[in-house]
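Structure first, then comments.
Just so it is clear: chains get the letters A, B, ... in the order the sequence lines come, proteins before strands, and each one is counted from 1.
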Amino acid sequence: MEQERAPGPDFIRRIVIDDVAAGKHGGRVQTRFPPEPNGYLHIGHAKAICINFGIAADFDGECYLRFDDTNPLREDVEYVEAIERDVRWLGFDWDDRLAHASDYFPQLHEFAIELIRQGLAYVDHQSAEAIRTSRGTLTEAGTNSPYRDRPIDENLEFFAAMTRGEFEEGECVLRAKIDMASPNVNLRDPVLYRIRKVAHQRTGDRWCIYPMYDFAHTLSDAVEGTTHSLCSLEFEDHRPLYDWFLEHLPVPHTPQQIEFSRFNLMFTVMSKRRLKQLVDDGHVEGWDDPRMPTLAAFRRRGYTPESIRDFMGRIGVTKKDNVIELGLLENCIREDLNEHAPRRLAVLKPLRLVIENWPEDAEEWLEAANHPNRPELGTRKVPFSREILIERDDFMEDPPRKFFRLKPGGEVRLRYAYIIKCESVVKDENGVVIEIRCSYDPATRSGSGGDPGRKVKGTVHWVSARHAVAAKVRLYDRLFMAPYPGSGTDLGAELNPNSLETLDAAMLEPSLAVTAPGERFQFERQGYFYVDGDGAGDARPVFNRTVTLRDSWAKIERQAMAGQSGR
RNA sequence: UGGGGUGUAGCCAAGCGGUAAGGCAACGGGUUUUGAUCCCGUGAUACGCAGGUUCGAAUCCUGCCACCCCAGCCA
């Protein structure tokens, strides 16, 4: 059944299928998700996680979580903890396959020496500046370093001295000797090792030289036994270098690098630099602010890991540049929550409504379904009384056509209760409606079946004023106004000023008085809400809106608006 | 004007020489005590463009165009 929607194998899986069939790598499949612990994981990483762990699972293989921790300057344990938490939350398990590039430092060092012995690497004493200028440009070949042809013994000696810490940072580096005239800039004698006299979060002061990405990553794959090294498109022209290392060193395995396009989301920035900027500039409250695209933020927003995995399955895996519409992601979480979230009544922006013909102190507990399409989820009771609260948006004194909510003289059904009629309105001195006076029809109680011919167009949610529970509710909208933000210089100018609306006077049905962080509900007619764990210190529960319900009335309003302004 | 990639509907994406899957969005209709859900229906004479090969091409060949990535002692 689920199978029907399952897309055919993507191009990577197709390659893996062929490899397994051909008995390549002994029929084994091993992948890895290799984050650098220098920031939080965002939803773009989720694609790589799903691909790597997903393919391993599909082929009964294994996937490592390997930290590419080769630059102690920017890395921190705070990030490794956050990354582990997020990968686990997404639903993946690496068992004992947790690794770090730093675990391989000793072997990597041996490989470097081996390259020197073969005359394929040399210690370059040029300055960083000199190395850059001699690299040439995209259209002009580079020039050889004056140190390029020094004897192997000398290189061995200098590299040993580098390792011992006898040179200062920047004094020299170890470079591969490949081809300074290569049209592929990555092959113009890339730096293999640089000196960094800083402690590493795992190896401490053991090393003062650290390997560069290409060298460390390739050989970590090879040592670990990776069969398919899956990465994003920007590493495509690093592949010749990747293969060069494998060709020239006595590696135990020869993994194959395959590149896919990273995923982009409309109205979202994904680069670590820009995300950090949002945090540092105070545009959001932190890396896990629910408006951020980090996994930690999606978690606090109320997204389920299932919905994100579903989403990743739907966007596919190709080499094509892509920018996904927000609608698809929202569809995924709505689909999940529609199925699983229990329904509740909650009034976000309350307006007092008095039922004049309801006895002063009487109350009635009405039965309400927890899920309209899943009776097995049971029912609960909600109290009804003379004074109730309805949504401000559900009343209009002078409504447009097709508004079938409450209006003067109009009738509407109160969800799970009675049909009421608006008899009059009460306004304050400024003319603002502050109370609606209604009458109710006792014959119309929900479920009573009385007078089946009696129908009203609209149904409205409500809460008994006397029984209601106050709550704090956060309404989120997209962080950016610009569909493709980040292209300009001023990120702040592209922000949506209304990305967060905090409501302090939301009123909930009493069954919501006790909730646990992490619980999800649908507030009927409004959206899905998540109980945030940051409510500490506040007696009231705090709800974050995950996503609204689809709203065809809003669409009609928008079209009407467009029709008015657009001649 | 070096090298590496990519171009199928608004957004994704199948297709791999035999006459354009699917999802999301959009639009129309039905059910409905959530204007929700659910259900039904509608979209490319056409696959970046131009030639060519072939009985037959989105799929093969040639040329062109557009877009993305690369010159960190970052990953």
Picking from B:U34, B:U37, B:C70, which would you name as closest to the side chain of A:Asn186? B:C70

Check the distance between B:C73's C1' and A:Asp214's CG and give it to me in whole angstrom. 13 Å

Looking for any heavy atom pair under 4.0 Å, which part of the strands does A:Thr318 touch: base, sugar-phosphate only, or nothing? sugar-phosphate

When the ring planes of A:Phe158 and A:Phe167 are compared, do they come out parallel, tilted or perpendicular, using 30° and 60° as the limits? tilted

Base, sugar-phosphate or nothing for A:Gln126? Non-hydrogen atoms, less than 4.0 Å. base

Hey, what do you get for OG (A:Ser229) to OH (A:Tyr242), rounding to the nearest 0.5 Å? 3.5 Å

So what does A:Lys555 hit on the nucleic acid, given a heavy-atom distance under 4.0 Å: a base, only sugar-phosphate, or nothing? sugar-phosphate

A:Glu524 has an atom CD; how far is it from atom C1' of B:U32, in whole Å? 13 Å

So, under a plain 3.5 Å distance rule, would you say the side chain of A:Asn184 forms a donor-acceptor pair with the base of B:G4? no

Just to be sure I understand the rule, does A:Phe403 reach a base, reach only the sugar-phosphate, or reach nothing, if contact means heavy atoms closer than 4.0 Å? base

Within residues 323-331 of chain A, the residues having a heavy atom closer than 4.0 Å to RNA chain B are A:Val323, A:Ile324, A:Glu325, A:Gly327, A:Leu328, A:Asn331

Can you tell me whether the side chain of A:Glu339 and the base of B:U37 have a donor-acceptor pair closer than 3.5 Å? no

Short N-O contact, A:Glu367 and A:Arg415, less than 4.0 angstrom: no

Looking at CD of A:Gln522 and CD of A:Glu339, how far apart are the two atoms once the value is rounded to the nearest 0.5 Å? 12.0 Å

Could you tell me whether A:Tyr416 contacts a base, only the sugar-phosphate backbone, or nothing, with contacts defined as non-hydrogen atoms closer than 4.0 Å? base

Would you indicate what A:Arg262 reaches in the nucleic acid, counting non-hydrogen atoms under 4.0 angstrom: base, sugar-phosphate, or nothing? nothing

Keeping A:Arg32 on the side-chain end and A:Leu230 on the backbone end, is there a donor-acceptor pair under 3.5 Å? yes

Roughly, in whole Å, what's the span from CE in A:Met270 to C1' in B:C68? 16 Å

Hey, what's the ring geometry for A:His238 with A:Phe235, parallel, tilted or perpendicular (30° and 60° as the breaks)? perpendicular

Can you check whether A:Met270's main-chain N or O pairs, donor with acceptor, with A:His42's side chain at less than 3.5 Å? yes

Hey, does A:Val191 reach any base, or is it just sugar-phosphate, or nothing, if we go heavy atoms under 4.0 Å? sugar-phosphate

A:Leu328 side, atom CG; A:Phe311 side, atom CZ - distance, nearest 0.5 Å: 5.0 Å

Checking A:Arg405 side chain against A:Phe395 main chain: does a donor-acceptor pair fall under 3.5 Å? no

Looking at A:Asn71, is its backbone amide N or carbonyl O close enough to the side chain of A:Glu75 to form a donor-acceptor pair, meaning the two atoms are under 3.5 Å apart? yes

Ignoring hydrogens and angles, answer whether the base of B:U33 and the side-chain atoms of A:Arg413 contain a donor-acceptor pair closer than 3.5 Å. yes

Rounded to whole angstrom units, what separation is found between the OH atom of A:Tyr193 and the P atom of B:C74? 14 Å

Using a 4.0 Å heavy-atom cut-off across all strands, classify A:Pro34 as base, sugar-phosphate, or nothing. nothing

May I ask you to say what A:Ser182 touches in the nucleic acid, namely base, sugar-phosphate or nothing, with a heavy-atom cut-off under 4.0 Å? nothing

Does any N or O in the side chain of A:Arg558 come within less than 3.5 Å of the main-chain N or O of A:Trp553, such that one atom is a donor and the other an acceptor? no

Is a donor-acceptor pair below 3.5 Å formed from side chain A:Thr459 to base B:U34, judging by atom type as modelled? no

Rounded interatomic separation in angstrom, taking CG from A:Asp321 and C1' from B:G5: 9 Å

If you count heavy atoms of other groups shown closer than 6.0 angstrom to CZ of A:Arg262, is the number above 12? no

Separation of B:A36 atom C1' from A:Arg343 atom CZ, nearest Å, is 8 Å

Under a 4.0 Å heavy-atom cut-off, which of residues 132-145 of chain A touch RNA chain B? A:Arg132, A:Arg135, A:Gly136, A:Thr137, A:Leu138, A:Thr139

Assign A:Met212 to base, sugar-phosphate, or nothing according to its heavy-atom contacts below 4.0 angstrom with the strands shown. sugar-phosphate

Heavy-atom donor-acceptor pair, A:Arg520 side chain to A:Gly302 backbone, under 3.5 Å: yes

For RNA chain B, what string of dots and brackets results from 5' to 3' when Watson-Crick and G-U pairs need both distances under 3.5 Å, crossing pairs get [ ], and pairs with another strand get |? .(((((((.[[[..)..(...]]].(((((.......))))).....[[[[[..)....]]]]])))))).....

Name the nucleic acid region contacted by A:His238, choosing base, sugar-phosphate or nothing; use a 4.0 angstrom heavy-atom cut-off, strictly under. base

For a quick check of understanding: with a heavy-atom distance under 4.0 Å over all strands, which category does A:Arg74 fall into, base, sugar-phosphate or nothing? base

Whole angstroms only, please: what is the NZ-P distance between A:Lys47 and B:A13? 7 Å

When we call it a touch if two heavy atoms are under 4.0 Å apart, what does A:Ile419 touch: a base, just sugar-phosphate, or nothing? nothing

Within 45° of the axis and under 6.0 Å from the centre of the six-membered ring of A:Phe267, does NZ or CZ of A:Arg478 qualify? yes

Nearest-Å distance, CD1 (A:Ile195) to C1' (B:C74)? 18 Å

